[in-house]
Amino acid sequence: MCSLTIERLPWFLLCLNCALVANILPEVTIREYVITSKVVFRYANVVVKSHVVNSRSYDQEVIFEVKLPKEAFITSFLYETNNKISKAVIKEKAVAEIYYRRKKSNARTGQITYYDIIDDVDIDVFKVSVNVAANSEIKFRLEYEELLHKHAGKHVQRLFVDSGQLIEKLELRCELKDKQKFKMLTYKTPFYTERVHVVYNKGNLDKDGFYYNEIEWKPSTREQENANRKLGLPFEIEYELEDNKNGGILIENELGQFVHMFSAPCEERKIMMKQIVFVIDISGSMDGNPIEQVKEAMDTILSRLRSHDFFNIILFDDDAIMWKSTFQQATSLNVFAAKVFIQRSVKADGRTNINEALQLAVDMFDKELPSRVSGNLGKIIVFLTDGSPTYGEMDTKAIRRNVRARNFLHGNICCKSSINTIAFGRYADMDFLRIIAYEHGGLLTVVKETESNVAGELVKIYKDIENPFYKNLEFTYSVSNILIPEENVSQIKFLQYDCGSELIVSGWTHPHVSVYPKVKAESIQNDIEFDSVPIVTVSQENSRILSRLVAYKRIKRLLKEAESTFYPNTSKVLNKMALGLSLENDFVTNLTTLFFKDYSTVSGDVNVGYSRDCSFRATMSNICAFIGLSLQLFSLRYVTLV
């Protein structure tokens, strides 16, 4: 019965000292749940507050649980009870673990434990359980930050407001500010996802010249009651900004920090033709619903190819099977033939030979196209698998070396083709697929196998990469005609820019100087240069936000480089740099943790450990008495976005 209660209350799991009696629910009331989001330069600062009351005459356990995007960094957590505040500090994981083990017997220390439980697409879950004294209350406050990425022309923010019970004060407030005009702003509530609310205001101007818009949502208890079946869905905000034709916009502060947000207006006639290879896992683990969903998605995706595109299909299990030996033009006849091939040949069986399939796909780009084809082409591999290598070469590092040897130009320049990986389900090797995508200028996307509309999700992924607009982009930044060193910039080279996306580059130089950006790229017919990018210097009020965004981008880059390098010493150096920045900016990353030094303010026992099974929770209750407090951050699925 308790496991059913957990499923019903995915956000706030309320149990009585881990020994909930069947059909008896504790009387713990969530009096207030408020989310406040402020988005400036596409960078969101989100604060989640909850006020919980135990009106019973005995202690009860309260679990504060918040869903947050996987790309987000938690920056602070505190709770208040009996007019005393306990605030976590951010420490290096290794140091926190040593301190925790030495001091835990005095009931005055506690830390976060990190688990990698793959169970969702792009969401982490922050969770803390506290035993609240009789007739008392507790207030929680969690803060996190994330960069909103642009997909198919729109920036998207998802905020989870699921409460699990009726709340007298349930509120969400969002403020969006940008230097570019709002072209479109919509939102959908978790209660009525079929209804799109349109904000027609294009953005008011504030004193600093920012366009801003606000969204406020306060559902009544009646609305909450009527929407009981939809509580697990997010509050979703989408907005589109007016693109600048001169290479986006560069924002700088007086500290010498800057962020360049590069985008370009989409024009159909300027979209490159492309060569694209679809590499699809048909091993035995794909049997049943997954293989049928892939068939359905491929039928739609093949229909979206432009007639001047060139494509091929590779299916793999123990062996790799090519549809054709060379790229085929996407004529109506060839598209029809490819659909027939998919329907007849996509049958799940055998093991997973990733090495052969990827090498075969990369080698496709060495074959010549018809002489009538001219101009620059986008070159794309889409690789879908639900597992890890189980046949042929099974060492993922060896596979990476083999693919790099074929796809890297002159051994070290990326790449003949981008490789976009799709991890289908919880058993896919996320780490390997994430690194392969990162090394080859692509994206990793994770699709949940239990998703009701998998085919739709796969088509949505394809839409992000189907419109190559520029290739081989190179970003340079200078001060007084002197180039800023490459190590001071988050990334200077990009393999491809797709219509409707955005490339974000951050960097730093000397204080009180102006930065001049320049972007070189290959367009459909010739080379192009952007040397008149608009530059905006922000006021002191917004300078701190820009500083945090620069640090956020740099940490993300360092962690990716540390993960993908073949050299342990290099990885160690990069992780050390990322750790220093994480501690300096109070970011919870995979190198740091939230940590409580002193728990003398904590009233009552606090639960340790987590399981969906209540018997485990009951066995852990004996540990609660001497630990003090344990926070848990659960990683439910990892998605890499460049």
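Positions are given from 1, in the same order as the sequence printed here.
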Quick check for you: to the nearest 0.5 Å, what is the distance between [X] atom [atom1] and [Y] atom [atom2]?
X      : Y      : atom1 : atom2 : answer
Arg304 : Asp309 : CZ    : CG    : 11.5 Å
Asp281 : Thr352 : CG    : OG1   : 4.5 Å
Ile280 : Phe316 : CD1   : CZ    : 9.5 Å
Met364 : Thr326 : CE    : OG1   : 6.5 Å
Asn353 : Ile399 : CG    : CD1   : 8.0 Å
Leu384 : Leu458 : CG    : CG    : 6.0 Å

Any donor-acceptor N/O pair, [X] side chain to [Y] backbone, under 3.5 Å:
X      : Y      : result
Ser490 : Ser506 : yes
Ser582 : Ala578 : yes
Ser345 : Ile342 : no
Asn376 : Ser523 : yes
Thr565 : Ala562 : no
Arg158 : Glu236 : no

Applying side chain to side chain donor-acceptor pair (under 3.5 Å) between Asn467 and each of Arg306, Glu268, Lys270, report the one that passes.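 Result: among Arg306, Glu268, Lys270, Arg306 is the only option passing the side chain to side chain donor-acceptor pair (under 3.5 Å) with Asn467.
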Apply ring-ring contact (aromatic ring centres under 6.0 Å, His included) to the pair Phe278 and Trp323, showing each step before the final yes or no. CA-CA 10 Å; Phe278 300 98; Trp323 172 52; over 10 Å; no
Between Leu594 and Phe126, does the side-chain contact (heavy atoms from CB on, under 4.5 Å) criterion hold? Intermediate values first, please. CA-CA 11 Å; Leu594 286 173; Phe126 175 90; 3.8 Å; yes
Checking side-chain contact (heavy atoms from CB on, under 4.5 Å) for the pair Val277/Val279: CA distance, chi angles, key distance, verdict? CA-CA 6 Å; Val277 185; Val279 187; 4.0 Å; yes
Are [X] and [Y] close enough that some pair of their side-chain heavy atoms sits under 4.5 Å apart?
X      : Y      : value
Lys274 : Leu377 : no
Tyr438 : Glu561 : yes
Phe341 : Leu315 : yes
Glu356 : Glu393 : no
Met272 : Lys471 : yes
Met261 : Arg42  : yes
Arg406 : Asp363 : yes
Leu495 : Lys379 : no

Enclosure of [X] [atom1] (heavy-atom neighbours >12, cutoff 6.0 Å):
X      : atom1 : answer
Lys576 : NZ    : no
Lys339 : NZ    : yes
Glu267 : CD    : yes
Lys347 : NZ    : no
Glu486 : CD    : no

Given the rule in the side-chain contact (heavy atoms from CB on, under 4.5 Å) test, do Phe160 and Phe235 qualify, once you have shown the distances and angles that lead to the verdict? CA-CA 6 Å; Phe160 290 87; Phe235 188 103; over 6 Å; no
Might you point out which heavy atoms bring [X] and [Y] nearest each other, and give the distance in Å?
X      : Y      : result
Phe424 : Met286 : CD2-SD, 4.2 Å
Ala330 : Leu305 : CB-CB, 3.8 Å
Asp464 : Ala152 : OD1-N, 3.2 Å
Phe469 : Ala264 : CE2-CB, 4.3 Å
Ser283 : Asp317 : CA-CB, 4.0 Å
Asp287 : Pro290 : O-CD, 3.5 Å

Only one of Leu444, Ile354, Thr421 clears side chain to side chain contact (heavy atoms under 4.5 Å, CB included) with Phe432; which?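 For Phe432, the side chain to side chain contact (heavy atoms under 4.5 Å, CB included) check succeeds only for Ile354.
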Checking side chain to side chain contact (heavy atoms under 4.5 Å, CB included) between Leu574 and each of Leu559, Leu558, Asn569, which is the one that passes? Leu558
Is the NZ or CZ atom of Arg400 positioned over Phe566's six-membered ring, under 6.0 angstrom from the centre and within 45° of the axis? yes
Lys NZ or Arg CZ of Lys556 over Phe73 ring: under 6.0 Å, within 45°: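 Lys556 over Phe73 ring: yes.
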Would you say the ring centroid of [X] lies under 6.0 angstrom from that of [Y]?
X      : Y      : value
Phe262 : Tyr497 : yes
Phe365 : Phe327 : yes
Tyr144 : Phe587 : no
Phe494 : Tyr470 : no

Can you check salt bridge (charged side-chain N to carboxylate O under 4.0 Å, His left out) on Lys154 and Glu240, steps first, answer last? CA-CA 5 Å; Lys154 300 173 183 176; Glu240 186 175 351; 5.8 Å; no
Can you tell me if Asn334 and Thr331 form a side-chain donor-acceptor pair at under 3.5 Å?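 Yes, Thr331 and Asn334 have a side-chain donor paired with an acceptor closer than 3.5 Å.
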Taking atom types as modelled and ignoring hydrogens, do the side chains of Glu474 and Asn472 form a donor-acceptor contact shorter than 3.5 angstrom?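 The answer is no; no qualifying pair exists.
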Is [Y] paired with [X] through a side-chain N to carboxylate O contact shorter than 4.0 Å?
X      : Y      : answer
Lys463 : Glu466 : no
Asp124 : Lys67  : no
Asp366 : Lys416 : yes
Glu563 : Arg434 : yes

Ser501/Lys150 under side-chain contact (heavy atoms from CB on, under 4.5 Å): CA gap, chis, key distance, verdict: CA-CA 5 Å; Ser501 65; Lys150 187 177 180 181; 5.6 Å; no
